Amino acid sequence: MKKYILAIIVAAFGMGAIQAQEEMIYNQYYFNYYLVNPALAGAEPCHNLMLTGKFQWVGMKDFPMTQLLTYKGRVWKNVGIGAYLYNDRNGYSNRAGGQVTFAYHIPLSNGRRYSKKASYDRQLSFGASFKVNYFYINTNRLYADDPTAQADNAFANTSGVGLNANVGIYYKSYGGFVGLSVTNLVPTTSDIYGDKELPAPLTGFLFGGYTFDIGSQRNKYLEPMAMLKMNKYLEVNMDLALKFGHEVDRDWGYWVELMYRHSWNKNNIQSLNLMPMCSFHWKGLNVGYCFGLDLNNLATQNGGTHEIMIGYTFCPVKHFCR
């Protein structure tokens with residue numbers, strides 16, 4: 001059984017180390033849409049810092065965990081910048097990397113404003129990022145658990161670096177928003193498996209939604225959203241979500257959201273996932289939590305996935321700062 005599990009792990013690595021690195025970043029976008037679309041860097045005229053910790057399949061041995069630090073902000077007139085750094089541990093593999101982003105935002109109207117610093121109601125944004133990912137396999141632990149694995153000589157190198165880029169466009173008009181981005185523009189590999197390794201696949205993201213103000217004071221809202229992700233191998237993921245938010249007063253508010261995720265990637269053992277989440281803010285301070293429940297056989301073998309978010313936003317915005 002140990003050899004069988006090890007073979008699965010090695011095979012999964014072989015299908016693209018860089019792709020696996022990026023999946024754990026993209027999958028956290030519900031707290032920060034910038035993670036899937038660089039055009040969101042500075043889309044709101046403010047600065048935002050966010051730290052998240054993700055603990056996946058809690059209860060299993062060596063369960064994956066990820067730490068992510070993100071910044072995005074408007075630095076000059078219509079110019080935005082963004083960046084993130086991440087660290088990940090997943091069994092025998094360790095990953096780290098980051099991204100830097102430049103974005104430009106074109107205001108299309110001088111509509112309603114909720115404060116002097118609030119954003120234009122209609123805006124078109126463009127963004128581009130440069131990414132670097134470092135990948136390392138702890139062969140000492142791997143061979144200690146199964147000495148016969150060393151004879152397979154599966155790895156050309158035990159570490160590697162991958163460089164890449166992405167671009168995105170984002171449009172918002174009053175309550176509506178839509179974004180399109182493409183990543184892995186450069187067909188590079190981390191050089192872990194030599195000529196056997198496939199480049200990270202070209203991947204596209206399309207998301208959209210609408211914010212409906214409700215209540216007599218218009219301080220509550222409903223926001224349905226959908227996200228579609230597809231790579232060049234026609235592996236498709238779809239997210240459907242519904243968010244309810246309440247800005248109680250000028251200083252604090254909260255939102256709750258339920259998201260359903262489905263994958264048509266036959267190699268993804270998390271084909272079905274249900275994620276309730278919530279967040280509240282006190283002035284600029286934001287705290288959030290997300291629980292991921294696998295709706296498959298793996299759900300009976302672990303305590304689910306837990307994610308904690310803490311951030312600070314240096315500007316007033318009426319709704320959740322995407």
Side-chain angles (χ1 to χ4, degrees), residues 13 16-44 46-56 64-75 79-91 93-104 125-138 157-168 170 179 181-192 197 199-205 229 231 286 288 307-314 321-322:
F13 286 159
I18 295 300
Q19 181 182 4
Q21 290 174 328
E22 295 176 328
E23 286 294 329
M24 58 193 178
I25 302 298
Y26 299 150
N27 287 345
Q28 300 180 52
Y29 76 89
Y30 35 77
F31 285 135
N32 192 342
Y33 282 57
Y34 161 66
L35 297 178
V36 295
N37 192 323
L40 270 293
E44 299 287 351
C46 62
H47 300 266
N48 177 270
L49 283 171
M50 186 172 293
L51 177 66
T52 60
K54 187 171 185 177
F55 309 92
Q56 190 173 353
M65 61 175 61
T66 307
Q67 300 84 40
L68 176 66
L69 177 63
T70 309
Y71 162 78
K72 60 181 179 180
R74 185 77 66 92
V75 293
V79 176
I81 61 173
Y84 69 67
L85 295 171
Y86 77 88
N87 178 66
D88 174 78
R89 187 212 72 188
N90 185 353
S93 68
N94 295 274
R95 306 171 175 92
Q99 170 178 291
V100 292
T101 301
F102 173 85
Y104 189 78
S125 304
F126 302 90
S129 299
F130 170 78
K131 303 185 295 181
V132 57
N133 296 289
Y134 172 75
F135 185 72
Y136 167 71
I137 298 176
N138 190 335
N157 298 287
T158 58
S159 64
V161 176
L163 306 177
N164 224 303
N166 61 6
V167 295
Y170 174 69
S181 59
V182 180
T183 190
N184 298 329
L185 299 177
V186 183
T188 60
T189 71
S190 58
D191 199 26
I192 295 291
E197 184 173 343
L202 189 71
T203 303
F205 299 85
K229 181 183 74 171
N231 65 23
N286 300 272
E307 184 175 352
I308 301 172
M309 177 273 291
I310 183 169
Y312 196 88
T313 302
F314 298 86
C321 185
R322 298 183 193 91

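Just so you know, these numbers use all the heavy atoms, side chains as well, and skip hydrogens, waters and symmetry mates. Please read all numbers here as calculations on a predicted model, not as lab measurements.
Listed here is the closest heavy atom pair of Asn184 and Pro201: ND2-O, 2.7 Å. Minimum interatomic distance between Ser125 and Ala39 (heavy atoms only, all atoms of both residues): CB-O, 3.5 Å. Across Ala128 and Pro38, no two heavy atoms sit closer than the pair N-CB, 4.0 Å. For Phe314 against Cys46, the heavy-atom pair with the smallest separation is O-CB, 4.0 Å. Among all heavy-atom pairs drawn from Tyr30 and Tyr33, the shortest one is O-CE1, 4.4 Å.
Counted by atom type alone, Asn94 and Tyr134 present zero donor-acceptor pairs between their side chains at under 3.5 Å.
Between Phe205 and Tyr26, the gap from one ring centroid to the other is short of 6.0 Å. Between Tyr104 and Phe102, a ring centre-to-centre spacing not shorter than 6.0 Å is recorded.
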- Query: Are Lys229 and Thr203 close enough, and set up right, to give a side chain to side chain contact (heavy atoms under 4.5 Å, CB included), and what steps lead you there?
  - Reply: CA-CA 7 Å; Lys229 181 183 74 171; Thr203 303; 3.7 Å; yes
- Message: The test is side chain to side chain contact (heavy atoms under 4.5 Å, CB included); show your working for Leu163 and Phe130 and say whether it passes.
- Response: CA-CA 8 Å; Leu163 306 177; Phe130 170 78; 3.9 Å; yes
- Determine, step by step, whether Met50 and Asn286 satisfy the side chain to side chain contact (heavy atoms under 4.5 Å, CB included) criterion, reporting the C-alpha distance in whole Å, the side-chain angles of both residues, the deciding distance to 0.1 Å, and the verdict. CA-CA 9 Å; Met50 186 172 293; Asn286 300 272; 5.8 Å; no
- Is there a side chain to side chain contact (heavy atoms under 4.5 Å, CB included) between Tyr84 and Asn32 once you walk through the steps? CA-CA 11 Å; Tyr84 69 67; Asn32 192 342; over 6 Å; no
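Listed for the Asn48 side chain is no donor-acceptor partner under 3.5 Å among the backbone atoms of Lys72. A donor-acceptor contact shorter than 3.5 Å links the side chain of Asn164 to the backbone of Val186. Side chain of Arg74 to backbone of Ala43: a donor-acceptor contact under 3.5 angstrom is found. With hydrogens and angles disregarded, no donor-acceptor distance shorter than 3.5 Å links the side chain of His47 to the backbone of Thr313.
With rounding to the nearest 0.5 angstrom, the OH atom of Tyr71 is 4.5 Å from the CD1 atom of Ile81. One finds the CG atom of Leu49 at 6.5 Å from the CG atom of Leu69 (value rounded to the nearest 0.5 Å).
Using a 4.5 Å cut-off on side-chain heavy atoms (C-beta onward), Leu185 and Leu202 make contact. Contact check for Tyr86 versus Asn133: side-chain heavy atoms found under the 4.5 Å cut-off. Under the 4.5 Å side-chain criterion, counting only non-hydrogen atoms from C-beta, Leu68 is not in contact with Lys54.
Looking at residues two or more places apart in sequence or on another chain, you find a side chain to side chain donor-acceptor pair (under 3.5 Å) between Thr101 and Tyr34, Gln99, Ser129.
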